[in-house]
Amino acid sequence: MANLLVKILGAMTPPPFVQPTDYDGWEIQWKFLVFRPGLFQNQAYLLAGLLAYVVIAIYGKYDNSKRANSWYNAHLTLLQDQFSSPTSASGLIADGYTDFFNFSTGRRAIASLHTIFSLRPRQDPLQLMYHFGWQMYDLRYNPYDELILDFKLDAEMAASIPDYVWAVLAKDEFASIKDKRWDLTFTRTVDHASLPASLSVMAEWADVTDNLFKATPTFSLTKLLSDPINLKYFKSLSVTDQPRERPAVPLTPSEREKHVILCLVVPPADKAAETIPLVSAMFTFIDGLTKMNLRPETRSKMKKVREDVDKEIREEAVKEKKEEIAEDKKAARRKAELERVSRLSAAEQKKIIDRDRKRALKRSQGKVVRKS
């Protein structure tokens, strides 16, 4: 083993430098100092790679910042028209080089709008290479610049609309959406004749979809999503009364929230304004949610589903609590036994250790007999 380790270390150790006696390349001399660039070719390649990495990192950081700020500046007028507090005092907030945030408040029916940019790590060539390699391995993996607009409905608006989970999304999102969104596990996926072939609906009941797709003289969701420009950036739109992550215990009425969540691909900086019509339409869509007229049987079925889910979560929480208490009691007994044994003499401790070893041996022999 020692010889193998020596061989490995020897193979990793670079050979000693040997000063060539016949060097005839370019050299720089100053007094007793001599610099011969031809002897540092490997170092030159490493330095070039490092400089390339730094240049890519600086440009990637700039590109991400430009994309986020271009979209923010293009939509700022719309936010100012809709909200009394469209942004924070510092404007768009950066968290690292890939994540940007904005928070808007002060509008009827909407408690807040949380705008979240999750951009590709253009500042890190190694991560980009990893994404490319994984994309070659898994053809369903498709990283993109994600923009989420999370509209949280205020208490009055939330109380005036039914409890349901509904979404329309691009089909290339199916592979990952339910892993990221627990609330969408309430739904079933279906195609809809009035939508483009690249989109599908996730709904608890068809009655919900029929109400949301009902066109009015001023707004049509199916027409909005069929527009080629909107379709180019659209990923998903969801209305939900459930949390995106499964809660450990059933939520109390005061903890329950309703959200409208729009997920888009961040457009290039020079086309940031192309998503203004789609974002603007969301305010009309939200205002129209109060006009839904679900059938009584649909409401009762969805209520029953939520009661069953809360019961299941409650039972699992009680079971986990009992298991935790049992583990704590077992650990306490084990600790007390160790403390008792530690106060005994060495001879008595040896007897207890031998006794425990014999019991463990008998138990293991009994298992072998039963298996055979």
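Because the structure is predicted, anything quoted here is derived from the model rather than measured.
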* **Residue pair N142 / Q135: nearest heavy atoms and the distance that separates them** => OD1-NE2, 3.7 Å
* Closest heavy-atom pair and its distance - D287, R107 -> OD2-NH2, 3.0 Å
* Asked: Can you name the side-chain contact (heavy atoms from CB on, under 4.5 Å) partners of F132, sequence neighbours left out?
  -> M136
* Answer yes or no: is there a side-chain heavy-atom contact under 4.5 Å between E297 and D207? => no
* To do: Measure the shortest side-chain to side-chain distance between M292 and L212 over non-hydrogen atoms and say whether it is less than 4.5 angstrom.
  => yes
* Asked: Is there any salt bridge (Lys or Arg N to Asp or Glu O under 4.0 Å) pair reaching into residues 262-283, and which pairs are they, with sequence neighbours excluded?
  -> K232-E274
* Check ion pair D354-K350 (N to O, under 4.0 angstrom) -> yes
* **Test log, rule side chain to side chain donor-acceptor pair (under 3.5 Å), inputs R246 and T185** => CA-CA 10 Å; R246 191 180 191 276; T185 60; over 6 Å; no
* **Side chains of L289 and V260 in contact at under 4.5 Å (non-hydrogen atoms)** => yes
* Asked: Is D172 salt-bridged to K235, cutoff N-O under 4.0 Å?
  -> yes
* Group every Ile, Leu, Val, Met, Phe, Trp and Tyr by side-chain heavy-atom contacts under 4.5 Å, then state whether V266 and F103 land in the same group. => no
* If two hydrophobic side chains count as joined below 4.5 Å and joins carry through other members, does I161 share a cluster with L262? -> yes
* Rounded distance (nearest 0.5 Å) linking atom OG of S236 with atom CD of E146 -> 8.0 Å
* Got a second to check how far F101's CZ is from T115's OG1, nearest 0.5 Å? -> 11.0 Å
* So W166 and F285, would you call those rings parallel, tilted or perpendicular, with 30° and 60° as cut-offs? -> tilted
* Structure fact -> Taken in chain and number order and not counting sequence neighbours, the residues that satisfy salt bridge (Lys or Arg N to Asp or Glu O under 4.0 Å) with D124 are none
Exercise answer: donor-acceptor pairs, residues 87-100 side-chain atoms, under 3.5 Å, sequence neighbours excluded:
residue	atom	partner	partner atom	Å
T87	OG1	Y72	OH	3.0
T87	OG1	N102	OD1	2.7
S88	OG	G91	O	3.1

* **D150 with R244: basic N within carboxylate O range, under 4.0 Å** => yes
* salt bridge (charged side-chain N to carboxylate O under 4.0 Å, His left out) between R295 and D210: does it pass, once the steps are laid out? -> CA-CA 11 Å; R295 294 192 295 267; D210 294 340; 5.6 Å; no
* Report, as yes or no, whether the 6.0 Å neighbourhood of atom CZ on F219 holds more than 12 heavy atoms from other residues, nucleotides or ligands. => yes
* State the OH-CG distance between Y233 and L278, to the nearest 0.5 angstrom. => 11.0 Å
* Sequence-distant partners of V309, side-chain contact (heavy atoms from CB on, under 4.5 Å), two or more places apart -> W182, F186, V305, I313
* Only counting residues at least two apart or in another chain, list the ones meeting side-chain hydrogen bond (donor to acceptor under 3.5 Å, both in side chains) with E257. => K152, H259
* Could you please spell out the steps behind the side chain to side chain contact (heavy atoms under 4.5 Å, CB included) verdict for E339 and R343? => CA-CA 7 Å; E339 290 177 352; R343 291 192 292 267; 4.1 Å; yes
* Asked: Taking the side chain as C-beta and beyond, is there a heavy-atom pair between Q43 and L47 under 4.5 Å?
  -> no
* To do: Go through the structure and list residues passing salt bridge (Lys or Arg N to Asp or Glu O under 4.0 Å) with K304, not counting sequence neighbours.
  => D308
* Does the side chain to side chain contact (heavy atoms under 4.5 Å, CB included) test come out yes or no for M302 and L294, once each step is laid out? -> CA-CA 11 Å; M302 292 192 295; L294 298 180; 3.6 Å; yes
* For the atom pair NZ (K358) and CG (L361), what is the distance rounded to the nearest 0.5 Å? -> 10.0 Å
* Asked: Above 12 or not: heavy atoms from other molecules or residues under 6.0 Å from CG of D179?
  -> yes
* **Test side chain to side chain contact (heavy atoms under 4.5 Å, CB included) applied to R334 and K330, step by step** => CA-CA 6 Å; R334 189 182 301 114; K330 186 176 180 180; 3.4 Å; yes
* Verify same cluster id: I58, Y53 (apolar side-chain graph, 4.5 Å) -> no
* Asked: Is there side-chain contact between L231 and L199, with at least one heavy-atom pair below 4.5 Å?
  -> yes
* Asked: Do F283 and V168 share a hydrophobic cluster (ILVMFWY, side-chain heavy atoms under 4.5 Å, transitive)?
  -> yes
* **side-chain contact (heavy atoms from CB on, under 4.5 Å) involving D138 - partner list, sequence neighbours excluded** => W134, R140, Y141
* **Single-linkage hydrophobic cluster L149~I261, side-chain heavy atoms < 4.5 angstrom** => no
* **SB check K66 D63 (cutoff 4.0 Å)** => no
* Minimum-distance pair of heavy atoms, taken over all atoms of A317 and A248 -> CB-O, 3.6 Å
* Asked: Less than 4.0 Å between a side-chain N and a carboxylate O, is that true for R306 and D163?
  -> no
* Structure fact -> Those residues at least two apart in sequence (or on a different chain) that pass salt bridge (Lys or Arg N to Asp or Glu O under 4.0 Å) with K171 are D191
* Check step by step if side chain to side chain contact (heavy atoms under 4.5 Å, CB included) holds for Y164 and R299. => CA-CA 9 Å; Y164 61 88; R299 291 175 181 265; over 6 Å; no
* Asked: Between D145 and R122, is the closest basic N to carboxylate O distance under 4.0 Å?
  -> yes
* By salt bridge (Lys or Arg N to Asp or Glu O under 4.0 Å) - contacts of R340 (at least two apart) -> E337
* Structure fact -> Between P277 and A273 the two heavy atoms that sit nearest each other are CD-O, 4.0 Å
* **Residues forming a side-chain hydrogen bond (donor to acceptor under 3.5 Å, both in side chains) with T240, sequence neighbours excluded** => D183
* Structure fact -> d(H75 NE2, L147 CG) to nearest 0.5 Å is 8.0 Å
* Note, Q123 side chain near P121 side chain (heavy atom, < 4.5 Å) -> yes
* Structure fact -> Between L153 and A158 the two heavy atoms that sit nearest each other are CB-N, 4.4 Å
* Asked: Residues two or more places apart in sequence or in another chain: which of them pass side-chain contact (heavy atoms from CB on, under 4.5 Å) with R314?
  -> P250, D310, K311
* More than 12 heavy atoms from other groups under 6.0 Å of CD on E245 -> no
* To do: Check the surroundings of atom NZ in K180: do more than 12 heavy atoms from other residues, nucleotides or ligands lie under 6.0 Å from it?
  => yes
* Does a sphere of radius 6.0 Å around CD in E316 hold more than 12 heavy atoms from other residues, nucleotides or ligands, not counting ones at 6.0 Å or beyond? -> yes
* **Separation of L51 CG from I56 CD1 (nearest 0.5 Å)** => 11.0 Å
